Amino acid sequence: MTMPPLLPLQTERLTLRHFRDSDAAAFFDYRNDPEVARWQSWEGITREAAEAFAREFSTGGPAPPGEWFQIAVALRPTGVLIGDCALKLLTDPPGTAEIGFTFAREHQGQGYAFEAVSRLVRHLFEGLGLGRVVAETDAENARSWHLLERLGMRREGSATVQFKGRPAEEYRYSVDRDSWDQTP
């Protein structure tokens, strides 16, 4: 059985699509913003790495189970990159995906992340037929876990992990297709 295409996906204001070469500069900028990187495993990126990243995720998707696939999030009217969503298909349990998201600071607090992530989750359930979506976030990143809760995800628990050389509490969230009630 062939998996249906992952991209592009659209919302009223956004397009979730493959990366383009022209995205590398905006990607470089927000990946090097310390406030954006604060909650991510990375600290920054070189221009060359940003260009290679845009090329790597310019086609295909989703990635093989266990590997991350990055999805560009762009404003519909202009095509300008404002962030990205991450997707990893899991093998245990099958039919599960882990998601993540990163948005440029100037595009935070405007509902874009909620709009993009809810559209992605809807496609994972309705378009790809997955049964469960999970996400992890730093317990101190209230904006992130509030977004996950607005999506109808439930906090399953927490764990202490090593994050950037220090102990940190991480929340784990999930939602099953049968309990997900979003219609954006």
Side-chain angles (χ1 to χ4, degrees), residues 6-9 11 13-58 61-63 67-88 97-121 124 133-151 153 155 158-173 184:
L6 177 62
L7 300 172
L9 303 172
T11 70
R13 302 182 297 165
L14 305 172
T15 299
L16 284 72
R17 59 167 171 75
H18 290 102
F19 274 81
R20 299 176 180 156
D21 289 344
S22 60
D23 294 330
F27 183 74
F28 171 83
D29 288 344
Y30 72 78
R31 282 279 175 127
N32 285 298
D33 181 336
E35 281 302 307
V36 173
R38 176 180 180 191
W39 307 113
Q40 302 292 349
S41 60
W42 37 263
E43 292 291 340
I45 193 168
T46 65
R47 287 202 186 276
E48 295 77 19
E51 291 166 359
F53 185 98
R55 278 191 305 276
E56 179 182 357
F57 294 107
S58 66
E67 294 180 26
W68 286 102
F69 183 75
Q70 300 293 131
I71 300 164
V73 179
L75 295 172
R76 273 186 80 177
T78 63
V80 170
L81 180 75
I82 64 168
D84 60 86
C85 292
L87 169 65
K88 178 169 59 170
E98 183 173 354
I99 60 167
F101 45 91
T102 304
F103 281 77
R105 189 181 340 179
E106 63 270 20
H107 296 289
Q108 294 177 7
Q110 299 173 52
Y112 291 130
F114 179 81
E115 193 173 324
V117 175
S118 64
R119 181 64 182 100
L120 176 60
V121 171
L124 295 175
V133 174
V134 299
E136 295 177 348
T137 187
D138 191 297
E140 293 180 15
N141 188 352
R143 292 175 87 175
S144 179
W145 56 261
H146 280 257
L147 183 148
L148 296 172
E149 290 175 359
R150 281 184 57 214
L151 284 170
M153 297 183 94
R155 188 179 303 168
S158 65
T160 301
V161 298
Q162 279 298 114
F163 182 72
K164 295 186 176 183
R166 65 170 178 81
E169 185 177 11
E170 186 173 81
Y171 292 152
R172 183 162 182 89
Y173 282 86

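Index from 1, following the sequence. Keep in mind it's a predicted model, so treat the numbers as computed, not measured.
The side-chain contact (heavy atoms from CB on, under 4.5 Å) test with R119 is passed by exactly one of L124, T11, T15: T11.
Side-chain atoms of R172 never come within 3.5 Å of backbone atoms of V134 as a donor-acceptor pair (strictly under, hydrogens ignored). In this structure, R17 contributes its side chain and G79 its backbone to a donor-acceptor pair below 3.5 Å. A donor-acceptor contact shorter than 3.5 Å links the side chain of E115 to the backbone of R13. Panel note: side chain D21, backbone R55; no donor-acceptor pair is recorded below 3.5 Å.
The two residues A37 and E43 have their closest heavy-atom pair at CB-O, 4.0 Å. What you find for A139 and W145 is that their closest heavy atoms are O-NE1, 2.9 Å. The shortest non-hydrogen separation linking I45 to F28 is O-CE1, 3.2 Å. Counting all heavy atoms, side chain and backbone alike, F19 lies closest to A72 at CE1-N, 3.4 Å. Closest heavy-atom contact between M153 and V133: CE-O, 3.3 Å. Shown here for P167 and T160, the closest heavy-atom pair between the two residues is CB-CG2, 4.1 Å.
Separation of atoms CZ (F69) and CD (E67) is listed at 11.5 Å; rounding is to 0.5 Å. Between the CZ atom of R105 and the OG1 atom of T102 there is a distance of 14.0 Å, given to the nearest 0.5 Å. Distance check, rounded to the nearest 0.5 Å: NE2 of H107 to CG of L14 gives 10.0 Å. Separating the CG atom in D84 from the CG atom in L16 is a distance of 10.0 Å, to the nearest 0.5 Å. Rounded to the nearest 0.5 angstrom, F101 CZ and C85 SG are separated by 8.0 Å. Separation of atoms CG (L7) and CG (L87) is listed at 9.0 Å; rounding is to 0.5 Å.
Side-chain contact check for Y112 versus V73: every heavy-atom pair is 4.5 Å or farther apart. Taking 4.5 Å as the limit, every side-chain heavy atom of E106 sits out of range of all side-chain heavy atoms of Y30. Within the 4.5 Å cutoff, no side-chain heavy atoms of L9 are placed close to those of I71. Considering only heavy atoms from C-beta on, E149 comes within 4.5 Å of Y173 through its side chain. At a threshold of 4.5 Å between non-hydrogen side-chain atoms, the residues R38 and D138 do not count as touching.
For CZ of R155, the number of neighbouring non-hydrogen atoms (other residues, nucleotides, ligands) closer than 6.0 Å is greater than 12.
Figure legend: cation-pi geometry between R143 and F103 absent, as NZ or CZ is not positioned both under 6.0 Å from the six-membered ring centre and within 45° of its axis.
Ring geometry for F53 versus F27: interplanar angle under 30°, hence parallel rather than tilted (30 to 60°).
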